[in-house]
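Below: the structure, in structure tokens.
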Amino acid sequence: MRNKYEEEFQRLNGSLINMGKMIEIAIENSMVALMGSDKDVAKQISENDENINKLERDIESLCIKLLLQQQPVATDLRVVTAALKMVTDMERIGDHAVDIADLVIHLSDFKYGKMNEFTEMSSKIISMLHDAVQSFIQKDYNMAKNVIAMDDEIDELYHTVKKELIEKIRQTDEGEVILDYLLIVKFIERIGDHTVNIARWVIYALVGDME
């Protein structure tokens, strides 16, 4: 019975890794679409989102199966509960990648002058997401804490970009388009928040407290 239990946990870990990779690709592709004004890539992100949603449902079903059939002890119960919470945040990250893609599809040719902040934010967040999932797999408390600490860098970049975009609204007649860029950077910042939530659930799984 315990061997079957461990097999199910390994399956859970594998599914979380796969979902994390899919979301990382979605974030990366949303930036590719933005930087290149590539509407075809943007449309593909929306089409692929159903695969992420399906995997979320599969993981939820597996977690419920573990809860109902295996009756886990306290520590394992926290792990399964954390996984259920994590996939909710992971699915929302996928949704925000779609939100960015939808805005790219309707953007005009206006280009914000310092797009490197967008790519820097997304690169940091992809790294955070990868580490957050790995901290769960490896049961690494310090890795999860480092993910949470990195959010300060994301917030700093967000406020810098936000301030510059608001200034551009005052200087140009492209206000409506600039608002779309403000929404995009806000979605990126929200992805960072969801990633922090994932890391906090990892800590809960490990020590029973989200700190």
Side-chain angles (χ1 to χ4, degrees), residues 19-53 56 86 88-133 144-200:
M19 190 173 181
K21 288 179 179 176
M22 291 168 68
I23 295 169
E24 288 173 28
I25 291 170
I27 298 169
E28 186 174 349
N29 285 345
S30 71
M31 291 299 102
V32 169
L34 176 63
M35 298 306 158
S37 299
D38 194 325
K39 301 184 189 306
D40 290 334
V41 172
K43 291 174 182 176
Q44 191 64 46
I45 294 168
S46 298
E47 293 170 3
N48 288 341
D49 189 55
E50 180 53 35
N51 294 328
I52 293 174
N53 294 339
E56 178 202 18
M86 287 168 61
T88 299
D89 279 295
M90 292 169 77
E91 190 272 338
R92 288 299 298 139
I93 291 172
D95 285 347
H96 286 321
V98 172
D99 291 333
I100 294 170
D102 288 344
L103 285 169
V104 170
I105 290 170
H106 299 100
L107 276 176
S108 69
D109 291 335
F110 171 87
K111 282 286 188 177
Y112 168 53
K114 293 189 176 180
M115 299 293 282
N116 57 303
E117 281 94 343
F118 284 79
T119 54
E120 184 177 357
M121 287 178 71
S122 62
S123 294
K124 287 180 181 294
I125 285 171
I126 289 171
S127 177
M128 289 168 63
L129 176 60
H130 177 270
D131 287 352
V133 174
K145 290 291 285 186
N146 287 339
V147 169
I148 295 170
M150 284 180 67
D151 192 50
D152 289 341
E153 298 176 33
I154 302 300
D155 288 343
E156 184 176 347
L157 284 165
Y158 166 68
H159 289 298
T160 297
V161 173
K162 179 182 176 182
K163 181 178 179 181
E164 292 176 354
L165 285 171
I166 290 173
E167 185 60 31
K168 274 191 175 292
I169 291 176
R170 297 192 182 101
Q171 297 172 355
T172 73
D173 58 358
E174 297 275 5
E176 185 174 346
V177 180
I178 296 173
L179 284 174
D180 285 340
Y181 280 85
L182 272 170
L183 281 173
I184 288 171
V185 76
K186 182 60 180 176
F187 286 137
I188 298 172
E189 188 266 344
R190 287 295 297 139
I191 289 172
D193 289 342
H194 284 295
T195 303
V196 168
N197 287 346
I198 293 168
R200 290 190 186 282

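- Side-chain contact between Lys186 and Lys162 is absent, with no heavy-atom pair separated by less than 4.5 Å.
- Asn29 contributes no side-chain N or O that, together with a main-chain N or O of Val32, makes up a donor-acceptor pair within less than 3.5 Å.
- Heavy atoms from other residues, nucleotides or ligands lying under 6.0 Å from CD of Glu176 number 12 at most.
- Judged by distance alone, the side chains of Gln44 and Asp40 never bring a donor and an acceptor atom under 3.5 Å apart.
- A perpendicular orientation is assigned to the rings of Phe118 and Tyr181, their planes being inclined by more than 60° (bins at 30° and 60°).
- For the atom pair NZ (Lys163) and OH (Tyr158), the distance works out to 14.0 Å, reported to the nearest 0.5 Å.
- Atoms CG and CD, from Asn53 and Glu91 in turn, are 5.0 Å apart once rounded to the nearest 0.5 Å.
- For the atom pair Lys39 NZ and Asp102 CG, the distance stands at 11.5 Å (nearest 0.5 Å).
- Distance CD1/Ile126 to CG/Asp131: 12.0 Å, rounded to 0.5 Å.
- Taking 4.5 Å as the limit, every side-chain heavy atom of Asp180 sits out of range of all side-chain heavy atoms of His106.
- Annotation: the span from Ser127 atom OG to Met150 atom CE amounts to 5.0 Å, rounded to 0.5 Å.
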>> The test is side-chain contact (heavy atoms from CB on, under 4.5 Å); show your working for Glu164 and Glu117 and say whether it passes.
In response: CA-CA 11 Å; Glu164 292 176 354; Glu117 281 94 343; 4.1 Å; yes

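- The CG atom of Asn116 sits 9.0 Å away from the CG atom of Leu157 when rounded to the nearest 0.5 Å.
- With respect to the salt-bridge test (charged N to carboxylate O, under 4.0 angstrom), the residues Arg92 and Asp89 do not qualify.
- Residues Ile169 and Leu179 are in side-chain contact: their nearest non-hydrogen atoms beyond the backbone lie under 4.5 Å apart.
- Between Ile93 and Ile198 the shortest side-chain heavy-atom distance falls below 4.5 Å.
- Within a 6.0 Å sphere centred on CD of Glu28, other residues, nucleotides and ligands contribute 12 heavy atoms or fewer.
- When side chains are defined from C-beta on, Ile100 does not count as touching Leu103, because their heavy atoms never get closer than 4.5 Å.
- For the pair Ile23 and Met19, the minimum side-chain heavy-atom distance is below 4.5 Å.
- Residues Asp152 and Glu156 fail the side-chain proximity criterion, which asks for heavy atoms closer than 4.5 Å.
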> Glu24 and Lys21: salt bridge (charged side-chain N to carboxylate O under 4.0 Å, His left out), yes or no, with the steps?
Replying inline: CA-CA 5 Å; Glu24 288 173 28; Lys21 288 179 179 176; over 6 Å; no

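- Between Met121 and Glu153 there is no side-chain heavy-atom pair separated by less than 4.5 Å.
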